[in-house]
Protein chains: 4
Amino acid sequence: MYFEMLKGEVIMGRKPSYTESELLDITKKLVLEHGYDGFHLKLLSQHLPGARSTIYQYYANKEEIVAACMKRVISSVIEKASAIDETDTMQALQELLGIYVDESKLHQLLGDAHKINTTNSAAASRDLDVVEQGHTTLKIQLTRLFQRAQQEKNLREDIPLPVLIGGFFNLINTPNMINVPNPEWSKLLFQMWIGGAQR
Amino acid sequence: MYFEMLKGEVIMGRKPSYTESELLDITKKLVLEHGYDGFHLKLLSQHLPGARSTIYQYYANKEEIVAACMKRVISSVIEKASAIDETDTMQALQELLGIYVDESKLHQLLGDAHKINTTNSAAASRDLDVVEQGHTTLKIQLTRLFQRAQQEKNLREDIPLPVLIGGFFNLINTPNMINVPNPEWSKLLFQMWIGGAQR
Amino acid sequence: MYFEMLKGEVIMGRKPSYTESELLDITKKLVLEHGYDGFHLKLLSQHLPGARSTIYQYYANKEEIVAACMKRVISSVIEKASAIDETDTMQALQELLGIYVDESKLHQLLGDAHKINTTNSAAASRDLDVVEQGHTTLKIQLTRLFQRAQQEKNLREDIPLPVLIGGFFNLINTPNMINVPNPEWSKLLFQMWIGGAQR
Amino acid sequence: MYFEMLKGEVIMGRKPSYTESELLDITKKLVLEHGYDGFHLKLLSQHLPGARSTIYQYYANKEEIVAACMKRVISSVIEKASAIDETDTMQALQELLGIYVDESKLHQLLGDAHKINTTNSAAASRDLDVVEQGHTTLKIQLTRLFQRAQQEKNLREDIPLPVLIGGFFNLINTPNMINVPNPEWSKLLFQMWIGGAQR
DNA sequence: CATGAATGAGAGTTCATTCAT
DNA sequence: CATGAATGAACTCTCATTCAT
């Protein structure tokens with residue numbers, strides 16, 4: 001039948017064996033596991049059905065894959081972070097920490113961004129620009145919240161603000177050794193950061 | 001020594017060579033800069049006098065170089081850590097943090113240890129075992145100090161001990177954005193950790 | 001034809017296709033531009049509507065396309081050349097030159113014929129045989145005309161006939177740097193060849 | 001013995017299995033045979049002792065190899081051409097033709113120069129600039145000689161100078177079907193060009 | 001022993017061709 | 001039949017390691 005051959009009005013070829021999104025999921029996992037330099041297309045294709053060359057249906061080269069992956073991750077974080085209700089500053093900070101903890105590997109992942117050679121790929125370059133802007137966006141939000149917290153006299157003043165911010169952000173790297181679910185984990189971290197370790 | 005002069009400077013006029021220690025210094029720098037997978041012998045030889053193949057006079061393969069490097073780094077940390085006077089627990093913790101901050105890349109460096117393929121090199125395997133033991137030694141010291149601190153009622157009890165330990169250890173990853181010297185930096189971190197961010 | 005309208009325009013609303021002749025026209029252009037080895041089906045499909053795989057509806061493989069293209073070109077030249085009135089030998093030679101100049105890239109195009117791998121395609125093999133025969137046909141005509149010109153004492157005798165023939169045929173490669181239309185250009189070339197460069 | 005290990009004052013590695021010059025000779029032959037797009041490093045290595053990767057001891061990539069080859073060929077032609085005694089114009093032209101005929105594939109070889117992608121190789125780019133300049137140098141010499149020949153009333157005036165120049169230069173493409181040695185061959189071509197084909 | 005050349009395994013990429021829709 | 005995806009062979013290039021000098 002003709003209609004079986006059509007999708008909408010257009011004649012279609014074979015059905016793709018995986019989606020772009022699946023490809024990026026695996027990429028994220030592998031880049032985190034092996035680092036940018038340890039990430040090979042052979043490795044990727046081993047975690048995906050089909051041949052290595054099929055990957056080139058989706059992206060023109062290795063750089064574009066990783067850049068697209070990073071862009072997607074940071075975009076998702078920004079979307080969630082910008083949805084936070086900032087009325088209560090400390091509450092907002094805690095929620096923000098929850099979001100960061102959910103993507104706790106974000107930092108590690110984006111740390112490899114500078115290794116990506118963008119001279120051969122305009123698309124990768126564009127994606128990394130978005131990543132860069134995303135970084136800035138997050139920094140601005142964080143700074144805004146911290147300044148407000150400071151004005152509201154919620155932060156100790158004998159420690160410089162940048163140190164407090166750095167300490168806060170660095171919380172996400174703390175390995176969750178007791179394996180509690182993320183929401184509780186981030187609450188624990190926040191309490192420790194707020195109240196200190198000492199009784 | 002007489003023979004060293006003969007070999008190194010008089011008879012042959014050969015290019016000045018380098019010591020094993022220098023080789024490992026450069027290796028450490030490069031592995032931190034590029035990650036384990038981004039670390040190449042070509043890169044190493046570019047930062048060392050002489051030809052790439054000369055490196056094989058010192059180590060049999062790439063794996064052994066990195067393993068030796070890691071072993072040396074952790075051994076040095078252990079030496080310093082075991083010299084700490086543990087009489088005053090909190091004081092000892094602060095000093096320990098200072099040592100860790102001095103080797104703040106320790107974690108990152110050793111994080112790549114599992115990537116090293118030891119099937120081809122008994123020497124690398126042995127060195128990595130030492131690294132493993134060193135890890136354990138450090139963990140034991142840390143646990144001992146924390147348990148003592150807890151007994152001395154110096155730690156809050158609403159947060160599980162492993163979380164406090166993890167948070168303490170994770171402090172070393174905080175980027176020193178205000179560029180103060182390490183001793184002061186580690187003191188700042190310790191205060192933040194002890195007292196919390198809130199006023 | 002009724003069916004062509006149905007197929008091409010009424011029933012499906014498919015993208016307009018192309019004729020075999022159009023395909024060969026583009027092929028000729030591209031092979032001349034890029035050489036046989038620089039000619040790709042990807043390139044071809046970029047200069048044609050539709051998908052790359054559609055090309056296989058017309059020809060079974062790359063070799064057949066180029067072989068068919070060459071066959072068509074030489075056949076057209078032979079048709080024109082065999083229509084020449086050979087009564088006046090020198091006049092016939094000049095007309096022949098005109099035909100050759102019109103297909104001045106003929107030589108270049110057919111020069112790549114030997115690169116075509118015919119082991120996988122009987123059709124390509126057959127087409128290249130026709131090309132070969134065409135070559136022979138043209139050579140015979142040229143030889144006949146030159147021998148007649150010699151008998152008619154129209155050619156200098158201190159230069160071997162093959163050299164004169166080669167020189168004549170080679171005229172077509174002369175780049176038309178003054179951009180006159182082909183008929184005049186071929187006349188200029190013929191005069192230079194006949195009369196020599198010296199005054 | 002120490003001295004056996006030295007060459008001059010420097011410790012040497014293994015002896016190269018072929019020279020750069022040999023590599024370029026083979027390259028020239030193969031590029032002429034197969035064209036730029038048909039020239040592969042696999043092909044090259046098959047005509048050279050040793051492994052394909054050894055070629056990278058000499059040149060960083062395919063582009064550099066071909067560019068260096070072209071540069072060497074045109075440089076050699078220019079050296080010979082600039083040594084010509086131009087006192088007797090027509091004599092000089094004949095000698096120049098002899099040189100061109102010796103490198104009759106020059107044109108064909110350099111015709112592929114524009115296909116070389118120089119974005120990845122500064123060395124290739126520089127070599128191709130030399131090729132470009134060489135082209136210009138040769139054109140200037142040719143133009144100078146032709147203008148002088150014209151002033152000396154040695155050229156017919158009913159044919160535009162560029163046509164005469166083009167015809168002269170195009171002589172080198174004439175296939176030497178009678179297999180006479182190059183010096184005589186170029187003399188024959190020159191005579192044909194000077195005096196014309198007609199008796 | 002130090003060197004520079006040689007090597008081969010393996011990565012990234014392209015493309016003719018086949019296949020499922 | 002036309003399509004776009006899938007495939008595998010082949011190419012370019014890199015690098016750890018070995019070898020001859």
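A, B, ... follow the sequence lines: proteins, then strands. Residue 1 opens every chain. Values in this document were obtained by computation on a predicted structure and should not be read as measured data.
Closest contact between the side chain of A:Tyr56 and the listed nucleotides E:dG12, F:dT7, F:dA2 involves E:dG12. Here the side chain of B:Glu63 is nearest to one of F:dA2, F:dT17, E:dT18, namely F:dT17. Comparing F:dA2, E:dT3, E:dA6 by their closest approach to the side chain of D:Gln57 singles out E:dA6.
Evaluation of the side chain to side chain donor-acceptor pair (under 3.5 Å) rule for A:Lys28 yields A:Glu103 as partners, not counting sequence neighbours. By the side chain to side chain donor-acceptor pair (under 3.5 Å) test, B:Asn117 pairs with B:Thr119, sequence neighbours left out. D:Asp129 is linked by a side chain to side chain donor-acceptor pair (under 3.5 Å) to nothing, counting only residues two or more places apart in sequence or in another chain. With sequence neighbours left out, the side chain to side chain donor-acceptor pair (under 3.5 Å) criterion links C:Asp25 to C:Arg72. Residues forming a salt bridge (Lys or Arg N to Asp or Glu O under 4.0 Å) with B:Lys71 (at least two apart in sequence, or on another chain): B:Asp127. Listed by chain and number, the residues in a salt bridge (Lys or Arg N to Asp or Glu O under 4.0 Å) with D:Glu33 are D:Lys29 (sequence neighbours excluded). By the salt bridge (Lys or Arg N to Asp or Glu O under 4.0 Å) test, C:Asp37 pairs with C:Lys115, sequence neighbours left out.
If you check residues 108-129 of chain A against DNA chain E, you find no residue with a heavy atom closer than 4.0 Å. Scanning residues 16-35 of chain A for heavy-atom distances under 4.0 Å to DNA chain F yields A:Pro16, A:Ser17.
Rounded to whole Å, the distance from CD1 on B:Ile65 to P on F:dC15 is 15 Å. As a whole-Å value, the separation of D:Ile55 CD1 from E:dT7 P is 11 Å. Between A:Leu48 atom CG and F:dA5 atom P the separation is 15 Å, expressed in whole Å. Straight-line distance from the CG atom of B:Asp37 to the C1' atom of F:dT14: 15 Å, rounded to whole Å. In this structure, CZ of D:Arg14 is placed 11 Å from P of E:dA5, rounded to the nearest angstrom. As rounded to whole Å, 14 Å separates atom C1' of E:dC15 from atom CG of C:Asn61. Rounded to whole Å, atom C1' of E:dA16 lies 14 Å from atom CD of C:Gln46.
OP1 or OP2 of E:dT3 sits under 4.0 Å from a side-chain N or O of B:Thr54.
In this structure, the side chain of A:Gln108 does not engage the main chain of A:Lys105 through any donor-acceptor pair within 3.5 Å.
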Name the pairs: protein N/O against N/O of nucleotides 9-11 of chain F, kept only if under 3.5 Å.
{"from": "F:dC11", "atom 1": "OP2", "to": "D:Lys42", "atom 2": "NZ", "distance (Å)": "3.3"}

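Shown here for B:Ala67 and B:Ile116, the closest heavy-atom pair between the two residues is N-CD1, 4.1 Å. Nearest heavy-atom pair, B:Ile26 versus B:His47, reported as atom, atom and distance to 0.1 Å: CG2-CB, 3.6 Å.
You'll find the side chain of A:Met70 reaches within 4.5 Å of the side chain of A:Asp112, heavy atoms only. Using a 4.5 Å heavy-atom cutoff, the side chains of A:Leu44 and A:Leu41 are in contact. The closest side-chain heavy-atom distance from D:Glu132 to D:Leu128 is not below 4.5 Å.
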Only distances under 3.5 Å count here; give the side-chain donor-acceptor pairs of residues 52-66 of chain B to other protein atoms, sequence neighbours excluded, each with its distance to 0.1 Å.
{"from": "B:Thr54", "atom 1": "OG1", "to": "B:Ala51", "atom 2": "O", "distance (Å)": "3.4"}
{"from": "B:Tyr58", "atom 1": "OH", "to": "B:Ser17", "atom 2": "OG", "distance (Å)": "3.2"}
{"from": "B:Tyr58", "atom 1": "OH", "to": "B:Tyr18", "atom 2": "O", "distance (Å)": "2.5"}
{"from": "B:Tyr59", "atom 1": "OH", "to": "B:Glu20", "atom 2": "OE2", "distance (Å)": "3.2"}
{"from": "B:Asn61", "atom 1": "OD1", "to": "B:Glu63", "atom 2": "N", "distance (Å)": "3.3"}
{"from": "B:Asn61", "atom 1": "OD1", "to": "B:Glu64", "atom 2": "N", "distance (Å)": "3.1"}
{"from": "B:Lys62", "atom 1": "NZ", "to": "B:Phe39", "atom 2": "O", "distance (Å)": "3.0"}
{"from": "B:Glu64", "atom 1": "OE1", "to": "B:Ala60", "atom 2": "N", "distance (Å)": "3.4"}
{"from": "B:Glu64", "atom 1": "OE2", "to": "B:Ser121", "atom 2": "OG", "distance (Å)": "2.8"}

- Intra- and inter-strand pairing of DNA chain F, written as dot-bracket with Watson-Crick and G-U pairs under 3.5 Å and | for the latter, reads .||||||||||||||||||||
